[in-house]
Protein chains: 2
Amino acid sequence: MNQEDAASNLHDEIKISTKEKIFNASVDLFSLRGFSDVPVREIAKQAGIREGSIYNHYKNKDAILDAIIDYFKKELGQANLPDEETVSLMKEGPEVFFTRGAQIFLARINTPQFGKIWRLVLMESYRNDKVREFFKKDVLEEPLAGWEEVFKLMIEKKMIKSVNPRTLAYEYWSFVIFLIFDYSILNYEEDFESYLERGIDKMNHHTQLLLEAVKIKDKQSTLKF
Amino acid sequence: MNQEDAASNLHDEIKISTKEKIFNASVDLFSLRGFSDVPVREIAKQAGIREGSIYNHYKNKDAILDAIIDYFKKELGQANLPDEETVSLMKEGPEVFFTRGAQIFLARINTPQFGKIWRLVLMESYRNDKVREFFKKDVLEEPLAGWEEVFKLMIEKKMIKSVNPRTLAYEYWSFVIFLIFDYSILNYEEDFESYLERGIDKMNHHTQLLLEAVKIKDKQSTLKF
DNA sequence: TTTTTGAACGAACATTTGTTCATTTCAATG
DNA sequence: CATTGAAATGAACAAATGTTCGTTCAAAAA
């Protein structure tokens, strides 16, 4: 326990409501073993209550999953850069734009909860219609459209060659999704934070290669990896 | 029913054993709703038998999943190009190599069963240790190592710039995995065959962009998309 | 035809599941 | 202190689950 936690326990005790305990226990268990493989009784046990109490706070088991997805959706929406910042960051040139942009984005989603819920979302997208719809819309389609705009703008500003911006958006975002996927299946036992650190390196490699393919200058730069 | 099927039914009637019926029903149901959400009774129903009969052919429910994975592993292993062909195909130049290589590979895995089992593998990699190990080893690590060798060879032959072959393998294969992932979550209701057709286009776009970044010639080719 | 053998059957079993509800607990309010 | 209302309890329930097993069936072997 670090100093801050100790202090807050002594003087400023943080009350975790029963509802939050249920929520947190569910995130832990669902993300590890999947929604349908976790009995309500086990959620209660992990939350330190009895199974009946859960129904004082959530209509049923499904409502817990719904709440988790809603929470994630909200948090994810707040992690995006506002448009003005996007435009001003672009003036620094494409390399800086992507490097800094990824840094800022990752810094905002860097909590252990996020790593767990990512895994949960990917898992349940296969079995739950609502989760799949969320994934399709909020994680794939909207970001893809956003990145398409970014690349279109870069082309207009002659920062990169005129290549179909849809293709570029796909190239960029599919790699992000792959990294999330890779984490969620193979590296979820690792700290989300330490995975993100390695992820940002991989992302930079990828972006550098992508820019190398679409850069306008004639001289070939030496790739540094 | 096409001519071939009709003919074989008339003269050369194909007997589907009960074990195969159970296997096929399980592939259908597991891939759609996930292993733990499919009751043994429903497998039996879909196979046209009673639940007790299943245990004449499989030790238990888990053994059915094991059998499916073993089957998939075997089939997937046979889909790879032998080394000699790889080397000879490489003489045609990188563009042809990737285009033809992808064509050949996809032609070999182009069965409806394959599409279903891909989805099943991705789903169960989250919940089943054996499936995850298969995925990690046979779907990620081994192909990555193989592609690293390919790129290393290309660099030695001065077909492409000297960029870390590991990075290039990762760039190439992660896109393949992304396509499989995309299919398994969002497009699994579509024909696997028709998805593969679109997939090969996307793959070619990706490869072309990747080669653009590592090609040796000074003149910049015009990307056709 | 009789015997044998393995598959199919389906009732039965013990567990486990999500959910309900009458009762108890307990802290805030009067 | 007494009252109140919300939260917690845990026994109980029906439904569903994976698996077992004595019996029936049918086709091959004798």
Side-chain angles (χ1 to χ4, degrees), chain A residues 9 12-71 120 123-124 126-131, chain B residues 9 12-71 120 123-124 126-131:
Chain A
N9 277 343
D12 190 20
E13 188 134 353
I14 296 166
K15 270 269 181 56
I16 299 172
S17 72
T18 303
K19 191 165 189 175
E20 283 175 294
K21 282 184 202 160
I22 297 168
F23 184 94
N24 291 333
S26 299
V27 168
D28 286 352
L29 294 169
F30 289 168
S31 67
L32 208 56
R33 303 196 343 237
F35 177 76
S36 65
D37 285 6
V38 174
V40 171
R41 276 166 185 79
E42 207 166 326
I43 299 171
K45 196 173 188 178
Q46 173 116 340
I49 57 173
R50 301 281 165 179
E51 66 264 27
S53 308
I54 288 181
Y55 294 85
N56 285 326
H57 302 279
Y58 294 96
K59 185 172 158 282
N60 52 29
K61 195 187 170 189
D62 284 281
I64 306 177
L65 181 57
D66 287 348
I68 296 173
I69 299 300
D70 286 345
Y71 165 80
L120 177 58
M123 270 175 111
E124 297 306 324
Y126 289 98
R127 304 176 179 227
N128 182 301
D129 289 343
K130 269 174 81 171
V131 179
Chain B
N9 276 345
D12 192 21
E13 188 136 349
I14 296 167
K15 271 270 184 54
I16 300 173
S17 71
T18 303
K19 191 164 189 177
E20 282 176 294
K21 283 183 200 159
I22 297 168
F23 184 94
N24 292 333
S26 298
V27 168
D28 287 352
L29 294 169
F30 289 167
S31 67
L32 208 57
R33 302 186 358 228
F35 177 77
S36 66
D37 285 5
V38 174
V40 171
R41 277 167 185 75
E42 207 167 325
I43 300 171
K45 197 174 187 178
Q46 174 117 337
I49 56 171
R50 301 282 164 177
E51 66 263 28
S53 308
I54 287 181
Y55 294 86
N56 286 325
H57 302 279
Y58 292 98
K59 184 171 160 281
N60 53 29
K61 196 187 171 189
D62 283 282
I64 306 178
L65 180 59
D66 287 347
I68 296 173
I69 299 300
D70 285 345
Y71 164 80
L120 176 59
M123 270 175 113
E124 297 306 325
Y126 289 99
R127 305 177 178 225
N128 181 301
D129 289 343
K130 268 174 83 171
V131 179

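In what follows, every chain begins at residue 1, and chains take the letters A, B, ... in the order their sequences are listed.
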CG (A:D28) and CZ (A:F23) are apart, to the nearest 0.5 Å, by 10.5 Å
Interatomic distance, CG@B:D66 vs CG@B:N60, rounded to 0.5 Å, equals 8.0 Å
Return the value, rounded to whole Å, for the distance between atom [atom1] of [X] and atom [atom2] of [N].
{"X": "B:N60", "N": "D:dT20", "atom1": "CG", "atom2": "P", "result": "8 Å"}
{"X": "A:Y58", "N": "C:dT20", "atom1": "OH", "atom2": "P", "result": "17 Å"}
{"X": "A:I54", "N": "C:dC21", "atom1": "CD1", "atom2": "C1'", "result": "16 Å"}
{"X": "A:K45", "N": "D:dA8", "atom1": "NZ", "atom2": "C1'", "result": "18 Å"}
{"X": "A:K59", "N": "C:dG18", "atom1": "NZ", "atom2": "P", "result": "15 Å"}
{"X": "B:E42", "N": "D:dG18", "atom1": "CD", "atom2": "P", "result": "10 Å"}

List in chain and number order the residues that pass side chain to side chain donor-acceptor pair (under 3.5 Å) with A:R33, two or more places apart in sequence or in another chain; answer none if no residue qualifies.
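Counting only residues at least two positions away or on another chain, A:R33 forms a side chain to side chain donor-acceptor pair (under 3.5 Å) with A:E42.
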(Q) Using every non-hydrogen atom in the two residues, find where A:L29 and A:V38 come nearest and quote the distance to one decimal. (A)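 Minimum heavy-atom separation between A:L29 and A:V38: O-CG2, 3.6 Å.
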Quick one: are [X] and [Y] in side-chain contact, heavy atoms under 4.5 Å?
{"X": "B:I64", "Y": "B:F35", "value": "no"}
{"X": "A:L120", "Y": "A:V131", "value": "no"}
{"X": "B:I69", "Y": "B:K130", "value": "no"}
{"X": "B:P39", "Y": "B:K45", "value": "no"}

Double-helix bend of the helix from C:dT1-D:dA30 to C:dG30-D:dC1, axes at both ends from 5 pairs, round to 10°, gives 0°
Its contact letters, B for base, S for sugar-phosphate only and - for none at protein heavy atoms under 4.0 Å, make nucleotides 4-17 of chain C read ---SBBB-B----B
